[in-house]
Amino acid sequence: MSAASTGRTESTLGWTREGIAERVAQDIPNGSYVNLGIGIPELVARYVPAGRTLVYHTENGLLGMGPSPAAGQGDPELINAGKRRVSMMPGAAFFDQATSFAMIRGGHLDLSVLGALQVAANGDLANWSTGADDAIPAVGGAMDLVAGVKRVFVMTTHVTKEGAPKLVERCTYPLTGRGVVTRVYSDLAVIDVTPKGFKLVELAPGVAFDFVQERTGAPILRPTPRTGA
Amino acid sequence: MSAASTGRTESTLGWTREGIAERVAQDIPNGSYVNLGIGIPELVARYVPAGRTLVYHTENGLLGMGPSPAAGQGDPELINAGKRRVSMMPGAAFFDQATSFAMIRGGHLDLSVLGALQVAANGDLANWSTGADDAIPAVGGAMDLVAGVKRVFVMTTHVTKEGAPKLVERCTYPLTGRGVVTRVYSDLAVIDVTPKGFKLVELAPGVAFDFVQERTGAPILRPTPRTGA
Amino acid sequence: MIDKRVASAREAVADVRDGATVMIGGFGEAGSPIELIHALIDQGAKGLTVISNNTGTGLVGLAALLRAGRVRKVICSFPRTAGSTVFPDLYRAGKVELELVPQGTLAERIRAGGAGIAAFYTPTAAGTPLADGKETRAFDGREHVLEHGLRADFTLIKGRVADTHGNVLFHRTARNFAPMMATAAAVTIVQAAEVVQAGTLDPECVVTQGIFVDRVVHVPSPALESALNEAGASYP
Amino acid sequence: MIDKRVASAREAVADVRDGATVMIGGFGEAGSPIELIHALIDQGAKGLTVISNNTGTGLVGLAALLRAGRVRKVICSFPRTAGSTVFPDLYRAGKVELELVPQGTLAERIRAGGAGIAAFYTPTAAGTPLADGKETRAFDGREHVLEHGLRADFTLIKGRVADTHGNVLFHRTARNFAPMMATAAAVTIVQAAEVVQAGTLDPECVVTQGIFVDRVVHVPSPALESALNEAGASYP
């Protein structure tokens, strides 16, 4: 927790995944309706600044989702989209899948935070399949979320385990959606997707711009200098 | 009530409207989900034979509708599609308009009983507009009902007040739906709509076939004789 | 803290612009948000497109909004009702445009608009004048009509109870169009006879979820069209 | 008198034919009607097309139905889950066909099937491999995919409480696909932990209305996939 709250570890350059989550959380306004993808994006809920209330949507049919109970506790039929037991907050409501995806597709959610295999400079996202021949294809609600939610944040390591860029000129994996990503939060930087391509918002502490650019498969525009007051 | 239960009045040949309603009610099986059109069709509910339970749907959002309360009684927000106050029966449920018309359009209702301006030999129905220039067009749920409900019964006088046939070769008024009517119950006869056109099911007491045919704008087939036991 | 309450109906409708599209809940008087409509009359926006099932009766509520000359167009399934004279008179005088839509298609178009469904094929109205000029297509040999989703700038609805997050329960057949309309507008405003803290309502029974609601106004004793009409009321 | 109760799960599924299409409720184990699925395994129908969000875990419920070789095709959004091996093995062996559908599109297609909507245009999956071969069309400059309604011969779902008319309440996130599936089958079968007389449930809170339900089976203590799997169970 102390490593997370400093946003760094000693052994790795840039943000830890907790550090990324903390950075994402800062950008979510009070009162937002948010869907956090299964896995790493779920960490964001731990770092919401004091005084802000977010309402969490889980696409299997709950608005007002609360934290997971202790292991072995909870209700096996009160779960999130990752099929993990959760709790509910005051003001929660249950509903069916048609209603749940009406919320998503109809543009009612303010934000979705998702993982990625690849993000392209034009905002294309690939996060559901590597297209491998022996893979069991499974998509869940990912395509609905990127098609419908107002803003899509991606949380990801900047490169794969093998060191290949995940921010690329064009996705080579099967797409989840076209032109859907708003902003990428990696361990190295926060980068917007703009009509002109990737654009730097912020570097992780101690990370240089060139270091990020070298690990990115497409040009990154430098931030527009702030002028005047 | 005694005139109704004999199905006749002294002054008019054929069934009274109560008599028609009673005749319709005989043909509705126990457990049917039924939508009764505004006005005369509502009479049917009074004549359901003992031992049968029908569940009434009103398209403004109630399944399990019960009779109207005494004048001045009841809840102004517990109404039927005719905007009259009603009651609810055990097992009733309220729902929104999308759900209500999912019931209708999705073929979940067994039967709708509607009034008519004209019914054609091919099952076309006109019952929402005379097409008059100064009329305020208003359709409500009529087109949804005829498009979606499994069987559509029409309750009508056999001819207009001016004596013109309401059962015709082709409707001249704007259609509510094409090929939608299952059966017509008039003051003079019960007539099926078949692939070959109108076909007599039953004459009202004291009414001759030729009398009905003369007042009908298309040929009526005689019933198929019942053979053997 | 999330608290969608606003102090008054007046405040709730303050930003309705001229030319806005406004969905208004209700089937007959059941569910008609009269206090919000009256606030909209006071507010003065004109050239409105109103999406509603009916056009009101007497000289109050929806009929009063029409009578005040604020409505350019009505999208509606049943614009004449016993006791409705305002719309018929305006319509005959050519002072209001009407888009007539079958009731179930109206409900489904609003639902589609709120659910991100651009358009859908329905069998309703196929072969009738209400399909004139519309694209049709056969599915399994049966003709269907292409209908488009509807959206609005504002939705005005009446609930029985709302909480501070905007979750809403309705009263009997007053529910009708409100749940779909709540989903289909940029700004959804609910007047509720009772307003409670989030956490009070049973999460299994919430009908309209707070995500669809922007503003909650407490109107403790909402007026009914029939009662106002019996009393000979007119608005303003 | 209307009474939709049947004596047992076995009786409820007795008429499922070979080659039937069966919708099965549940998201993961939440809402999975295990007793009805097991009764279907006992019953023996084969060549089934199953429409469900997942494909089960371990060797019970949906996974057991697949393992018994009864399923020809699965229409599904997420056929692999931690702990699911039966479907992946069958799929890799080419012994089961898969139609992969985004979760929201699956829900909407089932709703459309039940609501008499032949097809609809959705933005979901536009530009992805899941739109390959499908008709697309731009609305307001945005590409949409034409998707068709889904219907089934049977639906199997799990409720918390049902009444004798077939009105159903669900338990928390066990609701998921059940309300839509209930509307989209020729025969809808509900297993419910509690069965009550019509008139017991609050008409304002009914989630699935009796008109959509054909058979109600009382299963007082339904099994959970996770508990069966922890106990090392397999079916039959």
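Chain letters run A, B, ... following the sequence lines, proteins first and then strands; every chain starts at 1.
Around atom NZ of C/K95, no more than 12 heavy atoms belonging to other residues, nucleotides or ligands sit under 6.0 Å away. Other residues, nucleotides and ligands place more than 12 heavy atoms under 6.0 Å from the CE atom of B/M88.
Ranking B/S129, B/G177, B/A147 against chain C, the residue ahead of the rest is B/A147, based on heavy-atom pairs under 4.5 Å.
Partners of B/R23 according to the salt bridge (charged side-chain N to carboxylate O under 4.0 Å, His left out) rule, which considers only residues two or more places apart in sequence or in another chain, are B/D27, B/E202.
Only the side chain of B/R85 comes within contact range of chain C, with at least one heavy atom under 4.5 Å from a heavy atom of that chain. The part of C/E143 that comes within reach of chain B is its side chain, from C-beta onward, which places non-hydrogen atoms under 4.5 angstrom from that chain. Contact annotation for C/L106: neither backbone nor side-chain heavy atoms come within less than 4.5 Å of a heavy atom of chain B. With a 4.5 angstrom heavy-atom cutoff, C/Y91 touches chain B only via side-chain atoms. Only the backbone of B/T176 comes within contact range of chain C, with at least one heavy atom under 4.5 Å from a heavy atom of that chain. Neither the backbone nor the side chain of C/V207 comes within contact range of chain B; no heavy atom of the residue lies under 4.5 Å from a heavy atom of that chain. Looking at B/A142, there are no atoms closer than 4.5 Å to chain C (heavy atoms on both sides), in backbone or side chain. Residue B/L78 touches chain C through both its backbone and its side chain, counting heavy-atom pairs closer than 4.5 Å. When heavy atoms are compared at a cutoff of 4.5 Å, B/D133 does not approach chain C at all. Looking at B/F101, only its side chain comes within 4.5 Å of chain C, counting heavy atoms on both sides. Neither the backbone nor the side chain of C/F170 comes within contact range of chain B; no heavy atoms are under 4.5 Å apart.
Checked by atom type and distance alone, the side chain of C/T173 never pairs as donor or acceptor with a backbone atom of B/N60 at under 3.5 Å. Listed for the C/R175 side chain is no donor-acceptor partner under 3.5 Å among the backbone atoms of B/G61. Of the possible donor and acceptor atoms, one in the side chain of C/R92 sits under 3.5 Å from a partner among the backbone N and O of B/D134.
Note that the OG1 atom of C/T128 and the CG atom of B/L125 stand 11.5 Å from one another [nearest 0.5 Å].
Within the structure, side chain to side chain donor-acceptor pair (under 3.5 Å) contacts touching residues 74-87 of chain C (residues at least two apart or in different chains) are C/N53-C/S77.
Under a 4.0 Å N-O distance rule, the pair B/E77/C/K158 qualifies as a salt bridge.
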